[in-house]
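Structure, as structure tokens:
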Amino acid sequence: DQGLEKTKDNFLSKITKAVAGKTTVDDEVLDNLEDALITADVGVDTTLEIVDRVQKRVAKDKYVTTSDLNRLLQEEIEEILPDVTEANFGTFDLGAVKKPYVLLVVGVNGVGKTTTIGKLAARYKAAGNKVVLGAADTFRAAAVDQLTIWSERVGVPIVKQPMGSDPASVAFDTVQSAVAKNADIAIIDTAGRLHNKVHLMDELNKIKRVIEKVVPDGPSDVLLVLDGSTGQNALEQAKQFTEATDVSSLAITKLDGTAKGGVVLAIAHQLNIPVRYIGVGERVEDLMIFNKHEFVDSLFS
Ligand code: GDP
């Protein structure tokens, strides 16, 4: 169940209520289902798409019982989530991927960015990769300190500069160091100041440009970290971030202890960016590789 108990309980009980006393899926059930999904944080647009698809299948198959509904829903939800094509999705094994793999991590403060980076460093290292961390959030002393603690705990080198240094310069040093050390992966933390979108955009673009000076293709992956426990706010934040910069994958944290995990469906669907990881706790092993089939399955069983 991946630590998603609260989300699952919320999701299932709402769907169960939507079909209570009904044997076939009629317009009233579809209406109830719409309310159920919206209140389970699946988001309006995503809910409408799901219900529309279910409605079409019900019309096509003529007689559909409410006991068929969960299976049907599960299939349609999976269908609308983006597919993943990169070879290294679903694994910490970088295998045939070009080295160093440059992972740029973006997101607003407090969402669990540093923790996610620490967990990633541990998991990539455990999978046999040589890891280098880069502390390019030079605006917060706490961010550099936290990342330093993770680098010591995991036993991987960290590249940092004094507070207030140019983040792009730290990113440049990190990738250069990764190349010099023949590292497999460089994981770079950045500052996420969303209150000034133009500034954020300029800063991230500058970081990408200097990375390109070392590795011509630029970052291999721009991972946006979002706090799943904030529900629809996480969706809004994701929309704003993707307007400011190109994001290629998502990590959604703090899904343990929240009933709002339905937002994962809304975010993945509406942004059409694959979710790569989910955070379900504070331990290293609480960072899970996201698998859409397993995730959707865990909402229903
Ligand atoms: P940052 O400001 O984005 O770097 O956030 P941090 O990494 O410092 O995390 C903020 C808080 O959230 C810390 O107390 C973390 O331990 C906690 N946290 C991060 N990820 C998770 C998660 O998946 N589940 C839970 N329960 N807590 C988390």
Original post:
Any chance the rings of Y124 and F92 have centres within less than 6.0 Å?
Top reply: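 So the answer is yes for these two rings.
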Original post:
With a 6.0 Å cut-off on ring centres, are F300 and F11 close enough?
Top reply: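 Centroid distance F300-F11: below 6.0 Å, so yes.
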**OP:** Under the side chain to side chain donor-acceptor pair (under 3.5 Å) rule, collect the residues that match up with E212, sequence neighbours excluded.
**Re:**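 Not a single residue meets the side chain to side chain donor-acceptor pair (under 3.5 Å) criterion with E212.
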Subject >> Steps toward side-chain contact (heavy atoms from CB on, under 4.5 Å) verdict (V58, V54) >> reply: CA-CA 6 Å; V58 171; V54 170; 4.1 Å; yes
When you check the gap from the basic side-chain N to the acidic O, do [X] and [Y] get nearer than 4.0 Å?
{"X": "R53", "Y": "E49", "result": "yes"}
{"X": "D83", "Y": "K292", "result": "yes"}
{"X": "R123", "Y": "E285", "result": "no"}
{"X": "R140", "Y": "D145", "result": "no"}
{"X": "R283", "Y": "D286", "result": "yes"}
{"X": "K206", "Y": "D202", "result": "no"}
{"X": "K130", "Y": "D184", "result": "no"}

Test your reading of the model: is there a side-chain donor-acceptor pair from [X] to the backbone of [Y], 3.5 Å cut-off?
{"X": "D61", "Y": "Y63", "value": "no"}
{"X": "T230", "Y": "D227", "value": "yes"}
{"X": "T24", "Y": "V64", "value": "no"}
{"X": "T258", "Y": "L255", "value": "no"}
{"X": "S177", "Y": "D173", "value": "no"}
{"X": "K113", "Y": "T190", "value": "yes"}
{"X": "S229", "Y": "K254", "value": "no"}
{"X": "S220", "Y": "Y101", "value": "no"}
{"X": "N129", "Y": "K125", "value": "no"}

Among side-chain atoms of [X] and [Y], is any donor-acceptor pair under 3.5 angstrom?
{"X": "N10", "Y": "K6", "value": "no"}
{"X": "Q161", "Y": "T138", "value": "no"}
{"X": "T65", "Y": "D68", "value": "yes"}
{"X": "K208", "Y": "T245", "value": "yes"}

**OP:** Take D217 and K98 through the test side-chain contact (heavy atoms from CB on, under 4.5 Å) and record every step on the way to the result.
**Re:** CA-CA 10 Å; D217 293 339; K98 203 162 100 211; 2.5 Å; yes
Any side-chain heavy atom of [X] sitting closer than 4.5 Å to one from [Y]?
{"X": "V225", "Y": "V106", "value": "no"}
{"X": "D166", "Y": "F172", "value": "no"}
{"X": "S249", "Y": "F89", "value": "yes"}
{"X": "M288", "Y": "Y277", "value": "no"}

Crowded around [X] [atom1]? As in, over 12 foreign heavy atoms under 6.0 Å?
{"X": "K239", "atom1": "NZ", "value": "yes"}
{"X": "K99", "atom1": "NZ", "value": "yes"}
{"X": "D246", "atom1": "CG", "value": "no"}

Original post:
At their closest point, which heavy atom of I207 faces which heavy atom of A171, and how far apart are they?
Top reply: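 So the two residues come closest at CG2-CB, 3.7 Å.
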**OP:** Let me see the working for W150 and T114 under side-chain contact (heavy atoms from CB on, under 4.5 Å), right down to the final yes or no.
**Re:** CA-CA 9 Å; W150 272 106; T114 314; 4.2 Å; yes
Subject >> Verdict with supporting geometry, I185 and I187, side-chain contact (heavy atoms from CB on, under 4.5 Å) >> reply: CA-CA 6 Å; I185 178 168; I187 309 177; 3.9 Å; yes
